[in-house]
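Hydrogens, waters and symmetry mates are skipped; everything else that's a heavy atom, side chains included, is used. Convention: sequence-line order gives letters A, B, ...; per-chain numbering from 1.
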2 protein chains.
Amino acid sequence: KDQLDLADDIEGERSRQIDTILEKTYYNVDTHPSESLDWFNVLIAQTIQQFREEAWQKDNIMHSLNSFIERKAPELPSYLDDIKITELDIGDDFPIFSNCRIQYTPNSNKKKLEAKIDIDLNDRLAVGVETKLLLNYPKPSIASLPINLTVAIIRFQACLTVSLTKAEEFVSIASSDDDSDTGYFLIFSFAPEYRMEFETDSLIGARSKLENIPKIGRVIEYQIKKWFVERCVEPRFQFVKLPSMWPRSRNTRKAEFDDTESPKDN
Amino acid sequence: KDQLDLADDIEGERSRQIDTILEKTYYNVDTHPSESLDWFNVLIAQTIQQFREEAWQKDNIMHSLNSFIERKAPELPSYLDDIKITELDIGDDFPIFSNCRIQYTPNSNKKKLEAKIDIDLNDRLAVGVETKLLLNYPKPSIASLPINLTVAIIRFQACLTVSLTKAEEFVSIASSDDDSDTGYFLIFSFAPEYRMEFETDSLIGARSKLENIPKIGRVIEYQIKKWFVERCVEPRFQFVKLPSMWPRSRNTRKAEFDDTESPKDN
């Protein structure tokens, strides 16, 4: 009986702490209007732009994609030969985050808070794909037909959940590095009702039979969605260790305005 | 002449890219209203709360503070003996971030964008200090008077500048670890017109002469401000490497809702 009382006390205390947090940050979960993230969209867009300027990034990505596909080869239908990514379009638009609101984390008994943010991306993220359609009858690979197509994601719309935590319950028990498990983590996850729209086309100039393209496009679409769901759609989430923001000598730099000041000052 | 034209072209191109970013994120630097960060205040407060719950954190901080003071000993006035931190109050309120707006980075010729955010902290962050006032005449340390005081920061108000960058120009040239220099960095800095208010008091029950307390309090206040300015007040800034947010198997976890699901799923 005493243990139950203690558990109740701890529960009650944690609820009160959450109430105190909301009070001291002037946030009423029931009435606070959602907030815009336009400033954040600008900062993120700036880094995406920098990323796009680096031509070698595309090579890196294509390399990673091809490695990933090699590992997935056993899962692919037997009528498809090796798939190879030959081109990459990393888009030229930017994600728009908006409508940010705080809620109690579901199933947390009002003891945790998280942010929900809408994300919308209208762009064209495309891969050029080279593969072969195999005829396996009457014998395996008795004939093959080269197929070249492009598969593009043209719309991504979802609701993102974000929180910060020490989250000891998610820290790897097997981790040998003490340091890596202390500190703060960012948790993010997408709601299952996300929208990811694809557009599949034959590669310009390729002499593929048009009726095969949609079928292969769907195989690729399925693999992409599977990759996404397995990693960051609820109940799965990404758990990323954040660096400490505490000001330190070694993280200190000095802005350079003229030739007499050095850019790095420790 | 060709080189100048090329330089102008590159400059013009970068300005156009910034314009494109602002256009595609619907952000007009001249007219966009500032944005609130109430959701962020809640998430930050939640982690600060978790931090405060860990009693051992206070011990760690006191240990770090005492090590820091030891290193600073040569800078302290000769009339003060060793300073020791004996108590710590890490507060019970939370910082309020607000009024977020995007601007062109000064001195960047409109080629970089950054966010400016107001921060206000009304709290009591205090240290209990034990030291001795030394009488050095006619001989060094001929007499000493034990002094116990508390020094507290009771208000911090500032304007924070934040941006994200690849910032190759700030990456350490001497770094031997390739990996640590690629990726994205968070840059943050406080404007010089910050406000940090202190309150100094004799420790309750201490029999210190009251007129010595303000003098020693000012020595400590000076050291704290110096520590702050040397690290993160313009033109100095903190340059912190951010982890990749790209979804990965190893960062994947699964939310536990009942006993049959494991909390860690790789």
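Thr252(B) and Arg236(A) make their closest contact through CG2-CD, 4.0 Å (heavy atoms, listed as atom of the first residue, atom of the second, distance).
Here CZ of Phe97(B) is found 12.0 Å from OG1 of Thr25(A). Values are rounded to the nearest 0.5 Å. Atom CZ of residue Arg231(A) and atom CZ of residue Arg250(B) lie 11.5 Å apart, to the nearest 0.5 angstrom. With values rounded to the nearest 0.5 angstrom, Tyr27(A) atom OH is found 9.5 Å from Leu43(B) atom CG. For the atom pair Tyr184(A) OH and Thr47(B) OG1, the distance stands at 6.0 Å (nearest 0.5 Å).
With a threshold of 4.5 angstrom between heavy atoms, Leu186(B) approaches chain A through side-chain atoms but not through N, CA, C or O. Both the backbone and the side chain of Phe51(B) come within less than 4.5 Å of a heavy atom in chain A. Of the two parts of Gln103(B), neither the backbone nor the side chain holds a non-hydrogen atom closer than 4.5 Å to a non-hydrogen atom of chain A.
For the pair Trp227(B) and Pro247(A), the minimum side-chain heavy-atom distance is below 4.5 Å. Side-chain contact between Gln46(A) and Lys112(B) is present, with heavy atoms from C-beta onward closer than 4.5 Å. Side-chain contact between His32(B) and Trp39(A) is absent, with no heavy-atom pair separated by less than 4.5 Å. Residues Lys254(B) and Phe237(A) fail the side-chain proximity criterion, which asks for heavy atoms closer than 4.5 Å. In this structure the side chain of Arg248(B) never reaches within 4.5 angstrom of the side chain of Val240(A), judged on heavy atoms.
Each of Asn41(B), Ile44(B), Ile102(B), Ile117(B) has some count of heavy-atom pairs under 4.5 Å with chain A, and the biggest count is that of Ile102(B). Among Ala115(A), Ser163(A), Ala45(A), Ser36(A), the residue making the largest number of heavy-atom pairs under 4.5 Å with chain B is Ser36(A). Contacts with chain A were tallied for Leu164(B), Val162(B), Ile48(B), Thr20(B); Leu164(B) has the most, counting heavy-atom pairs under 4.5 Å. Looking only at heavy-atom pairs under 4.5 Å with chain A, the residue among Pro243(B), Cys232(B), Ser244(B) that has the most is Pro243(B).
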Does the pair Arg14(A) and Glu53(B) meet the rule for a salt bridge (Lys or Arg N to Asp or Glu O under 4.0 Å), with working shown?
CA-CA 11 Å; Arg14(A) 196 163 281 289; Glu53(B) 279 165 20; 3.4 Å; yes
Given side-chain contact (heavy atoms from CB on, under 4.5 Å), test Glu35(A) with Phe40(B) step by step and report yes or no.
CA-CA 10 Å; Glu35(A) 295 170 275; Phe40(B) 184 72; over 6 Å; no
Apply side-chain contact (heavy atoms from CB on, under 4.5 Å) to residues Gln238(B) and Arg253(A) and explain how you reach the verdict.
CA-CA 6 Å; Gln238(B) 289 291 297; Arg253(A) 303 286 186 276; over 6 Å; no
Step-by-step side-chain contact (heavy atoms from CB on, under 4.5 Å) determination, Asp38(B) to Tyr26(A)
CA-CA 8 Å; Asp38(B) 302 349; Tyr26(A) 315 103; over 6 Å; no
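Panel note: side chain Gln50(B), backbone Thr165(A); no donor-acceptor pair is recorded below 3.5 Å. With hydrogens and angles ignored, the 3.5 Å screen pairs a side-chain donor or acceptor of Lys24(B) with a backbone N or O of Asp92(A).
With respect to Val42(A), the side chain to side chain contact (heavy atoms under 4.5 Å, CB included) criterion is satisfied by exactly one of Leu22(B), Val29(B), Ile18(B): Leu22(B).
By the 6.0 Å contact criterion, NZ on Lys110(A) is open, its count of non-hydrogen atoms from other residues, nucleotides or ligands being 12 or less. Annotation for Tyr222(B): atom OH does not count as buried by contact number, only 12 or fewer foreign heavy atoms lying within 6.0 Å.
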